[in-house]
Amino acid sequence: MTDMNKAYSAGDHEDSIYQMWEESGIFAPDFSKTKEPYSIMMPPPNATGQLHLGHATMLAIEDILARFKRMQGHPTLYLPGTDHAAIATQSVVEKRLQDGGMKNPLEELGREAFLDKIKEFVEDSKKTIRMQVRKMGTSCDWSREKYTFSDDLNHAVNTIFKMMYEDGLIYRGGRIVNWDPKMQTTVSDDELEYVEEKSKFYYFQYGPVVIGTARPETKFGDKIIVVHPEDKRYKEFIGKEFELEWIEGPIKAKVIADECIDMELGTGAMTITPAHSQVDFELAQKYDLESPQIIDLEGKIKAEWSKSCAGMTTKEARKKVVEILDEKGLLVKIDEDYLHNVSVNYRGKGVVEPQVMEQWFVDVNKQVMDWKGKKMSIKEVLQDVVNTKMIRIIPQRFEKIYFHWIDNLRDWCISRQIVWGHRIPVWYKGDEIQVNEVSPGEGWKQDEDTLDTWFSSGLWTFSTLGWPEKTEELEKFTPSNVLETGYDILFFWVARMIIQSTYALRKSGFPEEKSIPFKDVYLHGLIRDIHGKKMSKSRPETCIDPLDMIKSYGTDAVRLSLVIGGTPGNDMRLYEEKIGGYRNFVNKIWNGARFVIMNLDGESEIVESELSRSDKWVLSRLNEITEAVTKNLEEYKLSEAGLEIYNFFWGEYCDWYLEISKVSKNPAVLKQVLKTSLKLMHPFMPFVTEAIWKELQSEKLVDEKMLIASDWPEVNPEWNFPSESDEMSRIMDLIRAIRKLRAESNVDAGKKIHAIIYAHEDLQLVSDKADIIKRLANLGELEISETGDKVAKALSGFVGDVEIYLPLADLLDMDAEKARLDKEIKNIENYLETLSRKLSNDSFTKNAPEQVVAAEQKKLDEAAAKLEKLSKQIQELGE
RNA sequence: GGGCGAUUAGCUCAGUUGGUUAGAGCGUCUGGUUUACACCCAGAAGGUCAUUGGUUCGACUCCAAUAUCGCCCACCA
């Protein structure tokens, strides 16, 4: 016994244990196992630095599943990696360089040198991430680590781009995009955030009508008034043209009608600015109108539209335009309290200005995907895989949200005007275009843009296994069993993975069921602070750093606190005390094991004839717990699984069984329960359980070398002793009854019980019920003061042939109990009557499905049995 | 505007086919230091399960409405 003399200190064990695992090769899938392979692809953390609680949660959950499946004997692949995180990374590095005095790093360094700077930073970050992932105890296969921007994954990206282009799924076109003037890039719809803002809403006289607008600065080029076709106020104007006075002088404007107009809003008439509004652009396309650019890419008014506002930002121009129109007497009124949402880029929070630009898109409606014998669009495939349960989303309610999202899905803009990312594999030479991984030859120039980061991370589940090569690993490990991630990136990422995987793998000849990226999607909630607020970097006081917590409380405690008490899809609050609580549990396990090891003397087998009541009880409980933990883990109820074993180990094994063992012990049972418990706890708290296992090993108490590689426990039918459990629950009833008696009556319960302990012989509670005696003693029900306060002494006084009989009826409030039973019996009698009426009804028995009738019959039988039991009870009470 | 979720002990949360007396951890209070553990042990107090109505023999659980909080989507001239 070496380390076990000390209290458990997580920091002393974790690193060496992790190293032992890693060196043993256990993290790699073991193909000598014959069960079906199991795989989880770790959602790659951004290579921008720190691991946060979201990552920690993800790693804890995935690692629990991976360890569980590995112990069950599945060749298990848990594949780690990092994401190059295009915009996020570029802006971090940009900011660093700017802080170092560089104004525009890209211009000053040039594309290549700037990319080198980013690469350097990323390599650094990757090291940090790897270290932090290890700290969490993650049992992932480092020999297969991937990176979303490595050469092989770049090849995969180029390949799928080319395939999609050739299928007409990828096209180039002028569209309204969300342009972020601050970061000089486009932003996808999903990356938009809306900030509510109170601003002014202006009414201007525009020829014969009054128009309402919140953005006067875009109105320089407006020549079209749109009204609702049914609007009586404007019916006479529809289709007519007017000459009118406007910002820079007289212009001509035309009135058109479209049903998209809301008659209630403003004056029911508006002018359109196609180049700077999604809706206006769609209208312009519908009616074949021009869409001139008013605001340039810097977010400033173009000179050609206005001398007075040229070069002004939109904010400045707004003021100026209002002034001008006011001077001309065209300003009708201003609403001061107009509430509306402003779109901002969720990275960097720059206000987005819609612009018309040439971009690359993925067509989500074109029916070219080869799916289940039909040609389907991306949208249809996305719907099909979830509709047909090929992919299951947990919790299920997110399926609804998913479908709703698909219904509103527009073509996916995949080009980004940044340099850090997979470069678009398109080459231009004059008017010619070629899609190719490498330059087609002299004089060809590559597209300057890069791809949306989600376009490449969408390939994660299969590019990491070697696609586009048809590797053996791809064959074995797709689809992965579960994708575990936060619900906040369901659309960003999860849906994109389905698109990319189904398309690419079908193209490579895989059948539909092997083309999906994963079978289950497990969505965890966000981790919030104690007040329910989002933890954010801008408010460091709300942040809990998982690594700090690991340092203070150990990895096992951190993992437990992230998993227990959380349910999929629901946010969870985390606070330091909670982690501290689980640290206590870790310590409890250590000490419990220490006690057990001290009490073991050599090898011993469980012999049924030698089992005491408490031995039988603890073994049958162990069976129940084994079953419950296994079942809950299979069903992704990690919190429940963890709680089961937590309550059993602490509340029953330690507090009860180990106490009894101080009086009379069965080393074989002690050891067995410890061993099985360690296995059940291992996925949740790998370090402390492995540390104890090492001790058992060095004492030659277990055969298997490492707990991580041991077999998952199974229920042992020989240990089911149901009658004993029943008896235990009866004893608990007695204790409760005593308590009640004591509380409610002024009878001297202690004396009474003391007396009857010797008086009866129904319940033969012998030595192994010492704990009962102890409990009674603690309740003050036993007069043990003569032998001193030492429980041990008290126990030794009672150990022997003590027989206790506590007739229930003596101890209960008989009238209340009778009333309760009466009521219950009445209920059941009514129930029986309803049921039998139903079953004797011919139209029911003939028409209802067989199973339903059988179920009803079963209910009837159960109720009848219960009635019998209750009647018996009430009879006993009467006696 | 559309949708989703939450509402259970002082706090943080569990509680699925509806079924005896609704659970846990923390906190509070009482008693206990006995060589596994005070990061402990034995107890106690604390609940009209948000409100109202409905279905049912029986509702924390199912249905409807309301209230409060949170989130998502869309629109926002």
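Each chain gets a letter, A, B and so on, in the order the sequences are listed, and its residues count up from 1.
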Mate of [N] where both pairing distances stay under 3.5 Å, Watson-Crick or G-U:
N	answer
B:C62	B:G54
B:U17	none
B:G1	B:C73
B:A42	B:U30
B:A9	none

Hey, does [X] reach any base, or is it just sugar-phosphate, or nothing, if we go heavy atoms under 4.0 Å?
X	result
A:G592	base
A:T273	nothing
A:K578	nothing

Nearest to the [X] side chain among [options], which nucleotide is it?
X	options	result
A:R528	B:A24, B:C71, B:A14	B:C71
A:R594	B:C4, B:A36, B:A14	B:A36
A:A214	B:G25, B:A77, B:G15	B:A77
A:R410	B:A77, B:G5, B:C75	B:C75
A:Y575	B:G25, B:A36, B:A14	B:G25
A:N587	B:A14, B:C37, B:A77	B:C37
A:N570	B:C71, B:C73, B:G5	B:G5

Residue-phosphate contact under 4.0 Å: [X] side-chain N/O, [N] OP1/OP2:
X	N	value
A:N584	B:C40	yes
A:W405	B:G3	no
A:R573	B:C13	yes

Qualifying residue, where the test is side-chain contact (heavy atoms from CB on, under 4.5 Å) with A:P568 and the options are A:L638, A:I394, A:L523:
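Of the listed residues A:L638, A:I394, A:L523, the side-chain contact (heavy atoms from CB on, under 4.5 Å) partner of A:P568 is A:I394.
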
Which of these passes side-chain contact (heavy atoms from CB on, under 4.5 Å) with A:I645: A:I625, A:L678, A:N632?
A:I625

Just the rounded figure in Å: distance from [atom2] of [N] to [atom1] of [X].
X	N	atom1	atom2	value
A:L526	B:C4	CG	P	21 Å
A:E576	B:C11	CD	C1'	16 Å
A:Y8	B:A36	OH	P	21 Å
A:D571	B:U12	CG	C1'	14 Å
A:H404	B:G3	NE2	C1'	7 Å
A:Y487	B:G5	OH	P	13 Å
A:I401	B:G70	CD1	C1'	13 Å
A:W650	B:C39	CH2	P	11 Å

When you check the side-chain N and O atoms of A:E576 and A:Y553, is any donor under 3.5 Å from an acceptor?
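Yes.
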
Under 3.5 Å, is there a donor-acceptor pair linking the side chains of A:Y487 and A:D571?
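There is such a pair between these side chains.
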
Is there a side-chain contact between A:R392 and A:Y636 (heavy atoms, below 4.5 Å)?
yes

Nearest non-hydrogen partners of A:P354 and A:R215, listed with the distance
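The pair with the smallest heavy-atom distance is CD-NH1, 4.5 Å.
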
Base B:C37 paired with A:K588 side chain (donor-acceptor, <3.5 Å):
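Under the 3.5 Å cut-off, the side chain and the base do form a donor-acceptor pair.
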
Looking at B:C39, does its base get a donor-acceptor pair with the side chain of A:R583 below 3.5 Å?
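When only heavy-atom distances are counted, A:R583 does reach the base of B:C39 through a donor-acceptor pair under 3.5 Å.
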
